[in-house]
Amino acid sequence: MKQVKFLIYAAFIALAVVSCKKEPILDKDFNNPTSEFFKKGGTNTTAASLTETFETGTKTSYTTANVTLSSGVWTFNDALLGTSTSDRKTGAKSARIRGVGKLTMQFDATGGASNISVKHAKYGTDANSSWELWASTNGGGSYTKVGSTITTSSTTLQTVNFTVDLVGNVRLEIRKVSGGTSRINIDDIIVEESVAQQVVANGFPETFDSGSKTSYAAADVSLGSGVWNLNEALLGTSTSDAKTGTKSVRVRDLGILSMRFDIPNGASSFSVSHAKYGTDANSTWELWASTNGGTSYSKVGSTITTSSTSLQTVSFTLNYTSAVRFEIRKVSGGTNRINLDDIQIMTTGTSGGGGGGGGGGTPDPTDNSHLMLGNPSNATTDVSNFSNYLMNKPEYVLSYHRDRGTPNWVSWYLGPEWLGSTPRQDDFRADQTLPSTWYRVGSTSYSGSGFDRGHNAPSADRTSTVTANSATFLMTNMIPQAPVHNQQTWANMESYARTLVSQGNEVYILMGNYGSGGTGSNGGTTHTIDAGRVTVPSHIWKVMLVIPQGDGDLARITTSTRVIAVLVPNLNSVSSSWGTYRTSVDNIEAATGYNIFSNLPVEIQNVIEAVIDNGPTN
């Protein structure tokens, strides 16, 4: 029944206030914990951001000392935790600094940083002071000033943002540099994880649909994954450019496409789509890699010939275990041009699929990865695989079906680091990362249908940052769901999952659908909406695997691990009690043909997939 086979996937880092309620917005808060920088197993990790509110810990004197806060240990030098009415704060406490005091992180934020925000104000009636933000990427060995010196002149908290591009381990220091005995309050430090690091840790993809470069002259370009240098290359948007979105790289002569940043944790595979531009003749190109920050490069694999006018995917198997960056060099063909698109890089310990084909490129079975338990349908990033198209996102992973206009399934990890206080964004929108030739379901595609825009990965499961919450409103994360099913049955189950996390668990969740024909608020059975471009599923299912918070998640799963599976018809008459619809994973696999826990040993699968959960439901 099971394939004795492990599918290896790249780790997602990863990043919603109301559960999955969409059309009529019924905003309830289902036990969301306060926003903090959570620690797993005693190790500081970042999913989408580090937040320090200074609400924990105690320090009542200015004497230099370490203080244990929610994010980790900080050194307070000529600083304390202020609680008086003269301390400006958003909660019960904030840091108060005098003289030339400092606040110093004694731990690393491992996800880098793209933006750092800090709230600051004058203490009581004190005069103005100034301060600076400094950052270290070598464990505190040395620091570099970030941005400009900030003057604190207001008696109410003001927010200042520092835009940075720091990849890898980062620690911060706030230094008061003027004002003498005048005091300042510091509160609500938020470090948003490096965009480049989020992307590379999740296998990209770099689609080249952001940024702009219209000439072949060498220049740096800011793209979704980070800064790249395009030499004898541009971002092509013409009908002759082979591309899956709105743009791809077009390279001529001996042009080079170079990353200006490192993938901090190494790489196990590199895949890229390539094609000839227009009617140009064949060209060849090579992949090169650098492990010393771009000082020198070594060729990877064989020289590739581009001979097709439609995009082909080639994959390179790698074995880099530390920081690495890549270059693609066109090495023949003269003025003949080639297009490059959809670069995907798997981090060390992962597999990106076979060479030359449109490889899968999905995350490995490491802690907190969205596909730790397996890729149930063997979805791939090959565009020709339109009925089982893999989409990797920092917040979740999904298999998309072009002709149904919905995901087949969505898989995500739910732990405390994903839960915070970010409000529901409600920015439903088309997913622009779908191939450009595919129809993109829009925010109004369900209007008047009688069905909700039903989240798979819920809004309320992603409240750590605005970015994380907003990602759940992409229409590739939606299905047409009967309102009662969505707003009651499903919302109750989603709330229960978050309750499990608040009780000290972490949950791996997979949701999917199948069939055609559901009953919404308009009555009668409806098979499609949006002029036939979106299929209304007949059944919706969910599987949740629950383990206590800890490390080495895959190895901790046993035959006694709790698995909750439900299978519910897509009807507006369903019961609000999701427990009524409990079933076994085996039954869901029989209905869908999926292998849901393919990364688990077969002997464990055979036990936990046969069980129908009888545990609590709230």
(request) Establish, for the pair R175 and Y143, whether the NZ or CZ atom is under 6.0 angstrom from the six-membered ring centre and no further than 45 degrees off its axis. (result) yes

(request) Can you measure from NE2 (H370) to CG (N392) and round to the nearest 0.5 angstrom? (result) 9.0 Å

(request) Check salt bridge (charged side-chain N to carboxylate O under 4.0 Å, His left out) between E327 and all other residues, then give those that pass, not counting sequence neighbours. (result) R329

(message) Under the rule for side-chain contact (heavy atoms from CB on, under 4.5 Å), what residues qualify as partners of D427, not counting sequence neighbours?
(response) Q425, R429, S470, F473

(request) Look only at the side chain of N469 and the backbone of R462, and say whether a donor-acceptor pair between them is shorter than 3.5 Å. (result) yes

(message) Looking at every non-hydrogen atom in both residues, tell me the closest pair between S443 and F428 and how far apart they are.
(response) CB-O, 3.3 Å

(request) Measure the shortest side-chain to side-chain distance between I345 and I263 over non-hydrogen atoms and say whether it is less than 4.5 angstrom. (result) yes

(request) Might you point out which heavy atoms bring L257 and V249 nearest each other, and give the distance in Å? (result) CD2-CG2, 4.2 Å

(message) Which heavy atom of W412 sits nearest to which heavy atom of N456, and what is that distance?
(response) CH2-O, 3.2 Å

(request) Measure the shortest side-chain to side-chain distance between R556 and P548 over non-hydrogen atoms and say whether it is less than 4.5 angstrom. (result) yes

(request) For R88, enumerate each residue passing the salt bridge (charged side-chain N to carboxylate O under 4.0 Å, His left out) test, keeping only those at least two apart in sequence or located in another chain. (result) none

(message) Can you list everything that forms a side-chain contact (heavy atoms from CB on, under 4.5 Å) with V146? Sequence neighbours excluded, please.
(response) L133, A135, F162, V164

(request) Could you walk me through whether I97 and Y123 pass side-chain contact (heavy atoms from CB on, under 4.5 Å), step by step? (result) CA-CA 9 Å; I97 313 175; Y123 172 84; over 6 Å; no

(message) Please check: side-chain N/O of S130 versus main-chain N/O of I150, any donor-acceptor pairing under 3.5 Å?
(response) no

(request) Would you give the length of the straight line joining atom CG of L80 to atom OG1 of T83, rounded to the nearest 0.5 angstrom? (result) 8.5 Å

(request) Could you name each residue pair satisfying salt bridge (Lys or Arg N to Asp or Glu O under 4.0 Å) that touches residues 59-85, not counting sequence neighbours? (result) D78-R98

(request) State whether the side chain of D187 and the backbone N or O of K119 hold a donor-acceptor pair below 3.5 Å, judged by distance alone. (result) no

(message) With rounding to the nearest 0.5 angstrom, report the OH to CH2 distance, Y297 to W288.
(response) 11.0 Å

(request) Please name the pair of heavy atoms, one in V221 and one in G211, separated by the smallest distance, quoted to 0.1 Å. (result) CG1-CA, 4.3 Å

(message) To check you understand the geometry: which heavy-atom pair defines the closest contact between S248 and L340, and what is its length?
(response) CB-O, 3.5 Å

(message) Any heavy-atom pair between the side chains of L414 and L419 that's under 4.5 Å?
(response) yes

(request) Mind checking side chain to side chain donor-acceptor pair (under 3.5 Å) for S117 and listing every partner two or more places apart, or none if nothing turns up? (result) none

(request) Just jot down the side-chain contact (heavy atoms from CB on, under 4.5 Å) partners of S154, sequence neighbours excluded, or say none. (result) T156, Q158

(request) Answer yes or no: is there a side-chain heavy-atom contact under 4.5 Å between Y396 and D461? (result) no

(message) Pairing donors with acceptors under 3.5 angstrom, does anything connect the side chains of T246 and D209?
(response) yes

(request) Using salt bridge (charged side-chain N to carboxylate O under 4.0 Å, His left out) as the criterion, list what pairs up with D126, not counting sequence neighbours. (result) R183

(message) Whether the side chain of E52 engages the backbone of D188 through a donor-acceptor N/O pair (distance < 3.5 Å, no angle test) should be reported.
(response) no

(request) Kindly compute the distance separating CG (D220) from OG (S258), expressed to the nearest 0.5 Å. (result) 9.0 Å

(message) Taking ring-ring contact (aromatic ring centres under 6.0 Å, His included) as the definition, give me every residue that meets it alongside F270, ordered by chain and number, with sequence neighbours left out.
(response) F326

(request) Would you sort out whether M544 and Y508 count as a side-chain contact (heavy atoms from CB on, under 4.5 Å), showing the intermediate values? (result) CA-CA 6 Å; M544 304 195 308; Y508 289 87; over 6 Å; no

(request) With sequence neighbours left out, write down each residue that passes side chain to side chain donor-acceptor pair (under 3.5 Å) with N185, or none if nothing qualifies. (result) D87, S94

(request) Could you check I547 against D553 for side-chain contact (heavy atoms from CB on, under 4.5 Å), going step by step and ending with a plain yes or no? (result) CA-CA 8 Å; I547 56 175; D553 292 352; 3.7 Å; yes

(request) In sequence, state the C-alpha distance, the side-chain angles, and the governing distance for T51 and I189, and then conclude on side-chain contact (heavy atoms from CB on, under 4.5 Å). (result) CA-CA 6 Å; T51 300; I189 297 174; over 6 Å; no

(request) Report the residues that fulfil side-chain contact (heavy atoms from CB on, under 4.5 Å) with T64, sequence neighbours left out, ordered by chain and then residue number. (result) T75, N77

(message) Whether the side chain of Q549 engages the backbone of N505 through a donor-acceptor N/O pair (distance < 3.5 Å, no angle test) should be reported.
(response) yes

(request) Please check if the side chain of K89 supplies one atom and the backbone of S84 the other of a donor-acceptor pair under 3.5 Å. (result) yes

(request) Specify the closest pair of heavy atoms between S129 and G179, including all atoms of both residues, with the distance to one decimal. (result) OG-CA, 3.6 Å

(message) Strictly distance-based, threshold 3.5 Å: is any side-chain N or O of K213 a donor or acceptor partner for the main-chain N or O of S215?
(response) yes

(message) So does S296 get a backbone contact from the side chain of S290, meaning a donor-acceptor N/O pair under 3.5 Å?
(response) yes

(request) Look up atom CD in E173 and atom CD in E132, then write down how far apart they are to the nearest 0.5 Å. (result) 10.5 Å

(message) Quick check for you: to the nearest 0.5 Å, what is the distance between N618 atom CG and N492 atom CG?
(response) 9.0 Å

(request) Return yes if some donor-acceptor pair links the side-chain N/O of N477 with the main-chain N/O of A457 below 3.5 Å, else return no. (result) yes

(request) Over 60° means perpendicular and under 30° means parallel, so classify the ring planes of W74 and F107, tilted if in between. (result) perpendicular

(message) Quick check against the 3.5 Å criterion: does K93 have a side-chain atom that pairs as donor or acceptor with the backbone of G57?
(response) yes

(message) According to ring-ring contact (aromatic ring centres under 6.0 Å, His included), who are the partners of Y216, at least two apart in sequence or on a separate chain?
(response) none

